[in-house]
Asks: 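Here it is: the structure, laid out below.
None of the values given here were measured: they were computed from a predicted structure. Numbering of ligands and ligand atoms starts at 1, following listing order.
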Amino acid sequence: MRLADLTGPADLLSLTDGQLDALAADIRSFLVESVSKVGGHLGPNLGVVELTLALHRVFESPKDTLLFDTGHQAYVHKLLTGRMKAFSTLRQEGGLSGYPDRSESEHDVIENSHASTALSYADGIAKGFGLAGAAHRRVVAVVGDGALTGGMSWEALNNIGGAPDRPVIIVLNDNGRSYAPTAGALATHLGELRAGRGGAGLFENLGLAYLGPVDGHDRTALERALRRAAALDRPVVVHCVTRKGHGYAPAAEDADDCWHAVGTFDPETGGKSASGGRSWTAVFGAEMTELGAQRPDVVALTAAMLQPVGLAGFARRFPDRVFDVGIGEQHAAVSAAGLAHTGLHPVVAVYSTFLNRAFDQVLMDVALHRQPVTFVLDRAGITGPDGPSHHGIWDASWLSLVPGLRLAVPRDAEELRTLLREAVAVTDGPTVLRFPKAQAGPAVPALRREGGMDVLHEAPGARVLLVPTGPLADPCLQAAAALDALGIPSTVVDPRWSVPVPEGLPELAARHELVVTVEDNLSDGGLGARLLRQLSEAGAPPTVRTVGLPTEFLPHGSRTALLRRHGLTADGLVARVGGWLPQAAPR
Ligand SMILES: Cc1ncc(C[n+]2csc(CCOP(=O)(O)OP(=O)(O)O)c2C)c(N)n1
Ligand SMILES: CC(=O)[C@@H](O)[C@H](O)COP(=O)(O)O
Ligand SMILES: [Mg+2]
């Protein structure tokens, strides 16, 4: 049977070993071909072809629940559950999600792409099945060795191991790496288990049965182990040893990150498409390395994403001053507070969306102690193809609730360098920089600085004040030029530090009829909302309009298209101002 003929998992049950091996090869070729066109998580999915085939042959989804931790390795699951024909739409607006999605299939459960949550789901689902008298329904969680370094995994294991009557089946997909080789004591222990030297092992000491190590590319061995696990009728870990990128050599198998997440590429040669320009990440990484040479007290932390957050250069130059804590953002924040307690200035580089889980740590372990920790949030704002659990749109709102915290949004590369240095010069509390998943745009020079803000554009008799944060300065300047041409003079200021509200902004706002804040984050809790409150509390405010993102889960799609949809473009702003100042409606 060819992949194209597959209508669902039940079709797998009648296939011979030879047909299944041919199907596995078919799936691998299809993955390389498809992902080469749209980008995605090729390496992780090449590593779970045989594993996913075995899962769907041994367990009966959706009667049995199959959970994928992080969900980036669920492409094969999608192909086996009837979504091959739609696969060309992967991660594109209106197309398949890059993660499980309950609106796509009854076989999908966890849509959240944040790691280390699957075992908690499994614990809850198993408890629910038990209460419903449906304990016969299997709960199977596929968890990577990286996801197992996340704290919530151990909170769940503490529950799962303590309940012998709740037979959660944990399929440990151990390829020895997250992006890079997985760091820490757990990785060492898994290595001992892989080598058969693990003795009783951590899992058995926690009350779980342990089966393995199993060759994660030998489908029959996997099926045998999974059937044994199901028959044990108690919590069990099936330790599968896989290779990320398996079967696409040398490109994916031998790359530093085994092609964890790739853009488009030539499937014949493995040649990646060049990304033009210089990303915000690259600008940050270069400046961090410069800073590290000048400030011996500056250290860096990453949560298993050294390369993606731009710290590889810093790590090469200062290997003793960079810490990969595994997928542990909460731990990173508090370990940074500890580092700061010893007089160092830690820089924690994470993707915006992943810092959300460390709110309490930023609030109570960093800010309450007024520790000088700098958080650098990459992928802040609309990210695009990774969808709702990856858009970094909440940070600017919840961070504004942290007493003493300062947040800055650089508008261009030079400002990123300057603001980073301003941030690491702060000694009495947390600082945050945020920038998007994009190329750092053209330089945006300031006319002058006023009240802590950079004036970027002004015109006599200005009626409208545009207040963009970060890179949205560029479309705002284009809008200002268009408004001037429409006979509506305007001012454009960059607040630079948008938390707290710059002290000169309320007074400057009061000098205009209409104030429009423009933010690549939620409007709720954003700069505009906070400015509006300050102005209204100070008496009759000018009209303030906040152009930002709705408090919704935004779909996947291109960053450009999503920004346009939410009016975060020059023509979108002009059209809106036209509506807010009727006589300015574009002719
Ligand atoms: C909370 C959180 N932090 C960081 C990430 C980014 N991330 C996505 S996959 C990944 C590595 C996961 O490693 P593992 O669980 O071993 O899965 P593998 O990719 O090896 O299959 C990381 C760090 C994330 N999704 N969630
Ligand atoms: C699954 C996950 O969280 C990461 O792999 C993420 O998808 C990477 O995002 P970028 O591709 O923007 O680096
Ligand atoms: Mg792994």
Asks: Return the option from N356, D386, D145, I327 holding the heavy atom at the smallest distance from atom 23 (C) of ligand 1.
Replies: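 Of the listed residues, I327 has the closest heavy atom.
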Asks: Counting only heavy atoms not in Q307, do more than 12 sit closer than 6.0 Å to its CD atom?
Replies: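 At most 12 heavy atoms, drawn from other residues, nucleotides or ligands, come within 6.0 Å of this atom.
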Asks: Tell me which protein heavy atom sits closest to atom 3 (N) of ligand 1, plus the residue, atom name and distance to 0.1 Å.
Replies: E329 OE2, 2.7 Å
Asks: Ignoring hydrogens, what is the shortest heavy-atom contact between P410 and W280? Give both atom names and the distance.
Replies: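 So the two residues come closest at O-CH2, 3.5 Å.
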Asks: Under 4.0 Å, heavy-atom basis, I'd like to know which part of S113 is in contact with ligand 1: side chain, backbone, both or neither.
Replies: backbone
Asks: With atoms numbered from 1 as shown, which atoms in ligand 1 lie under 4.0 angstrom from a non-hydrogen atom of G146?
Replies: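 Selected atoms, number and element: 13 (O), 14 (P), 15 (O), 16 (O).
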Asks: Any N or O on H390 sitting closer than 3.5 Å to an N or O of ligand 1?
Replies: no
Asks: Should the pair D108-R83 be classified as a salt bridge under the 4.0 Å nitrogen-to-oxygen rule?
Replies: yes
Asks: Measuring only between side-chain heavy atoms, which start at C-beta, is H41 closer than 4.5 Å to K244?
Replies: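 SC-SC contact between H41 and K244 ruled out.
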Asks: Residue-level breakdown please: for N173 versus ligand 1, do any non-hydrogen atoms fall below 4.0 Å on the side chain, on the backbone, on both, or on neither?
Replies: side chain
Asks: Who's the nearest protein heavy-atom neighbour of atom 13 (O) of ligand 1, and how far?
Replies: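 In this structure, atom 13 (O) of ligand 1 has S178 CA, 3.4 Å as its nearest protein heavy atom.
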Asks: In the protein, what heavy atom is nearest to atom 9 (S) of ligand 1, and what distance, to one decimal place, separates them?
Replies: H260 CE1, 3.3 Å
Asks: Would you say that F553 contacts H391 through its side chain, given a criterion of any heavy-atom pair below 4.5 Å between the two side chains?
Replies: no
Asks: For ligand 1, is there an N or O atom under 3.5 Å from any N or O atom of A147?
Replies: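 A147 vs ligand 1: N/O contact under 3.5 Å present.
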Asks: So is there a nitrogen or oxygen of K244 less than 3.5 Å from a nitrogen or oxygen in ligand 1?
Replies: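 It does: an N or O of K244 is found under 3.5 Å from an N or O of ligand 1.
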Asks: If you measure every N or O of A115 against every N or O of ligand 1, does any of those distances drop under 3.5 Å?
Replies: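 Between A115 and ligand 1 (N or O atoms, distance only) the closest approach is under 3.5 Å.
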Asks: Suppose the cut-off is 2.8 Å; which protein N/O/S atoms would you list for the Mg ion (ligand 3)?
Replies: D145 OD1, N175 OD1, R177 O
Asks: Can you report which non-hydrogen protein atom sits closest to atom 21 (O) of ligand 1, along with the distance?
Replies: N175 ND2, 3.5 Å
Asks: I'd like to know if the side chain of T264 and the backbone of K37 have a donor-acceptor N/O pair within less than 3.5 Å.
Replies: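 No.
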Asks: Could you tell me whether some N/O pair between Y179 and ligand 1 is separated by less than 3.5 angstrom?
Replies: no
Asks: Within a distance under 4.0 Å of any heavy atom of G144, pick out the atoms of ligand 1 and give their elements.
Replies: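 Counting from 1, the qualifying ligand atoms are 14 (P), 15 (O), 16 (O).
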Asks: Check contact between H41 and ligand 1, using heavy atoms of the residue and a distance below 4.0 angstrom.
Replies: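 Contact absent.
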Asks: If the criterion is any heavy atom closer than 4.0 Å to an atom of ligand 2, which residues make the list?
Replies: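 Protein residues near ligand 2 are H41, H72, Y99, Y179, H260, Y351, F354, R379, D386, H390, K437.
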Asks: Counting heavy atoms only, which part of R177 comes closer than 4.0 Å to ligand 1: side chain, backbone, both or neither?
Replies: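 Within the 4.0 Å criterion, R177 contacts ligand 1 through backbone atoms alone.
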Asks: At the 4.0 Å heavy-atom cut-off, does Q73 count as touching ligand 1?
Replies: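 For ligand 1, residue contact (heavy atoms, under 4.0 Å) with Q73 is absent.
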Asks: With respect to T70, determine whether any N or O atom, backbone or side chain, lies less than 3.5 Å from an N or O atom of ligand 1.
Replies: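 No - when backbone and side-chain N and O of T70 are compared with those of ligand 1, no distance drops under 3.5 Å.
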Asks: What I'd like to find out is whether the side chain of L66 reaches to under 4.5 Å of the side chain of H107, using heavy atoms alone.
Replies: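 Side-chain contact under 4.5 Å: no.
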Asks: Between H114 and ligand 1, does any nitrogen or oxygen pair lie at a separation below 3.5 Å?
Replies: no
